[in-house]
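Beneath this line is the structure, given in structure tokens, with notes to follow.
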Amino acid sequence: MLSDPAPVIVSAEPGSFPRSVFLDRHPALIRRVRDAFPYEPEQHRALDALLEESTRGVVQPLADGLPGAEHWDAWGLRAYVGQSWLDVPFLWAESFFYRKLLDAVGYFAPGPWQGVDPFRPFKQAELRTAEAAEERAAAERVAALPADEQSAALLHGSLWGNRADLGFRMGATGGADADGGSPVIVDDSDALWRLLPAGAAGTVYLVADNAGRELVPDLLLVDHLLRHGRAARVALHVKPYPYYVSDATTSDVVDALRHLRGGAGGAGERLWAAMGDGRLTVRAHPFSCAPLPYADMPDDLRKDFAAATVTLFKGDLNYRRLVGDRLWPATTSFAAATAYFPGPVAALRTLKSQVIVGLDAATEESLDAALPGEAWRTGGTHAVVQVRP
């Protein structure tokens, strides 16, 4: 357990990655959302107000009476009202931005737009691309490999699937989406497979990140775990409502399963059946959308995670919440940063933000020399598989 926490990341520093999220990426997202639907004048005014508030104003409270507002009171809203968005913790502010975007388009309020996911067109479009079709065909080829080779290929696919993240691509440059050559700077894959030997029939929890082309390889990995007896049951944790542009909800799981049916070596049919008989379940706890680290998880979720043979956290946002969104020294122990977690835990993460722990000093030095500044931390060109048994 870490007794001396590092500073919390905020967005105020000029030229920093968090500041670019608020001043560059979020305005681009608002433009994209308003163009994706024939929203009414009231919604356009609300989106304009959110843009002004989040880039030049101060944190304003939620409107009275909307569902979930009580959670935000418990998650620290009252402490931050009236402060600049750039001065409050980055994780908190970024999460609250997405909640206010949903309010702006009427997602929670009674009316004709209630429950309409403003990010759904982007997620569905991903599954209609040539890349998605090729990835489904590739699953057929992987299914013909020996089991151990399948394990390695599907874990690798799940790890790098995060490069399909829509929110990331809106702020990415040049080589962030380039194919090949992206190194895994920490690889505890062997330790992960030791936790999940064939025939051990364990229980795996997978805390999903993005929908679309990232969720597909996650589901293929789940199918492999079930099919080869590395897990008897898998619980897939998704978001209870749309979040961070691409984040997966139950509807996105269904879309991905439909995409896989009729191909992918039969994985879609097997996963569909696994949901029907209870071997694969979907969970959507309110804390999945909290602006807080998992160290602050409620007791019911802690008890749930404690039942798992291992919990896999996918993606960058979940990594930030797993280890804490702080300016840790890169050599901080991953085991120490996750010591609070109530069972074995693993992170499959493509680096897209400043936070990183678990590196050795030589690796950090070589990365800083090759890619000065924050490039290797935020560019999506490096990844980690980290395990605390």
Side-chain angles (χ1 to χ4, degrees), residues 8-37 39 43-63 68 72 75-77 80-108 116-123 162 164-173 176-177 209-212 239 241-247 289-292 315-318 320-321 325 351-355 374 377-380:
V8 172
I9 294 174
V10 297
S11 308
E13 182 181 350
S16 69
F17 173 77
R19 191 179 183 90
S20 72
V21 168
F22 267 91
L23 300 186
D24 299 326
R25 189 180 301 183
H26 286 176
L29 172 61
I30 289 176
R31 289 193 297 271
R32 191 173 186 187
V33 166
R34 71 189 305 158
D35 290 344
F37 288 91
Y39 286 130
Q43 292 159 305
H44 284 285
R45 287 192 293 269
L47 288 169
D48 289 340
L50 174 60
L51 178 59
E52 177 69 21
E53 177 189 330
S54 62
T55 56
R56 289 180 285 274
V58 297
V59 176
Q60 300 289 343
L62 295 172
W72 283 94
W75 295 338
L77 174 58
Y80 299 130
V81 166
Q83 296 189 44
S84 166
W85 285 75
L86 302 182
D87 290 335
V88 304
F90 176 45
L91 175 63
W92 191 96
E94 196 177 11
S95 298
F96 193 55
F97 169 86
Y98 281 98
R99 167 61 206 233
K100 296 205 84 171
L101 190 154
L102 292 180
D103 288 345
V105 299
Y107 182 87
F108 290 107
V116 176
D117 181 350
F119 313 129
R120 187 163 175 78
F122 318 143
K123 298 173 183 177
N162 189 248
D165 177 353
L166 292 165
F168 173 74
R169 287 215 308 272
M170 280 189 286
T173 59
D177 284 335
D209 190 30
N210 295 313
K239 304 299 189 295
Y241 50 81
Y243 194 60
Y244 276 62
V245 191
S246 305
D247 283 34
C289 289
L292 303 174
D316 196 81
L317 173 59
N318 285 327
R320 292 163 59 192
R321 296 186 66 198
D325 202 39
L351 278 63
K352 299 180 180 177
S353 65
Q354 294 165 298
V355 181
E374 299 178 339
R377 295 173 180 256
T378 63

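Residue numbers count from 1 along this sequence. Bear in mind that the values here come from a model prediction, so they are computed numbers and not experimental data.
- Across D87 and A12, no two heavy atoms sit closer than the pair OD1-CB, 3.5 Å.
- No donor-acceptor pair closer than 3.5 Å links the side chain of K239 to the backbone N or O of N210.
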Evaluate V81 against L77 for side-chain contact (heavy atoms from CB on, under 4.5 Å), listing each step before the verdict. CA-CA 6 Å; V81 166; L77 174 58; 3.8 Å; yes
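- Residues forming a side chain to side chain donor-acceptor pair (under 3.5 Å) with Q354 (at least two apart in sequence, or on another chain): E374.
- Among pairs with a residue in residues 54-63, those fulfilling salt bridge (Lys or Arg N to Asp or Glu O under 4.0 Å) read E52-R56, at least two apart in sequence or across chains.
- Note that the OG atom of S16 and the CD1 atom of I9 stand 9.0 Å from one another [nearest 0.5 Å].
- Looking at heavy atoms from C-beta onward, Y241 lies out of side-chain contact with D117 at the 4.5 angstrom threshold.
- Looking at W92 and V59, their side chains come closer than 4.5 Å, going by heavy atoms from C-beta outward.
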Is there a side-chain contact (heavy atoms from CB on, under 4.5 Å) between F22 and F90 once you walk through the steps? CA-CA 9 Å; F22 267 91; F90 176 45; 4.0 Å; yes
Start with the C-alpha gap between I30 and D48, add the side-chain angles, then the distance that decides, and say whether side-chain contact (heavy atoms from CB on, under 4.5 Å) holds. CA-CA 8 Å; I30 289 176; D48 289 340; 5.8 Å; no
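- Here the side chains of V33 and F122 are in contact, with some heavy-atom distance below 4.5 Å.
- A salt bridge links R99 to D103: one of the charged nitrogens lies within less than 4.0 Å of a carboxylate oxygen.
- Taking both residues in full, the closest heavy atoms of S84 and V58 are given as N-CG1, 4.1 Å, listed atom of the first, atom of the second, then distance.
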Test side-chain contact (heavy atoms from CB on, under 4.5 Å) on Y39 and V116 and set out the steps. CA-CA 11 Å; Y39 286 130; V116 176; 5.6 Å; no
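- Under the 6.0 Å cut-off for aromatic ring centres, F96 and Y80 do not qualify, their centroids lying 6.0 Å or more apart.
- To the nearest 0.5 Å, atoms OG (S246) and CG (L317) are separated by 11.0 Å.
- The main-chain N or O of P61 is never found under 3.5 Å from a side-chain atom of W72 such that the two would form a donor-acceptor pair.
- If you take CD on Q43 and CG on L50, they are separated by 13.0 Å, rounding to the nearest 0.5 Å.
- Annotation for D247 and K123: closest pair O-NZ, 3.2 Å, computed over non-hydrogen atoms.
- Closest approach of C289 to W75, counting heavy atoms only: O-CZ3, 3.9 Å.
- Every residue two or more places apart in sequence or in another chain was checked for a side chain to side chain donor-acceptor pair (under 3.5 Å) with R377, and none qualifies.
- Rounding to the nearest 0.5 angstrom, the gap separating the CG atom in L91 from the CG atom in L292 is 7.0 Å.
- Here the CG-CG distance, from D316 to L351, works out to 6.5 Å after rounding to the nearest 0.5 Å.
- V10 is not listed as a side-chain neighbour of P18, based on a closest heavy-atom distance of 4.5 Å or more.
- In this structure, the side chains of P89 and D325 stay at 4.5 Å or more apart for every pair of heavy atoms.
- Between the E53 side chain and the Q60 main chain, a donor and an acceptor come within less than 3.5 Å of each other.
- The only option from K100, R25, R320, R19 that meets the salt bridge (Lys or Arg N to Asp or Glu O under 4.0 Å) definition with E94 turns out to be R320.
- If you look at Y98 and H26, their ring centroids are closer than 6.0 Å.
- Between A93 and W85, the closest heavy-atom pair is O-CZ3, 3.3 Å.
- Smallest separation of non-hydrogen atoms from A290 and Y243: O-OH, 3.6 Å.
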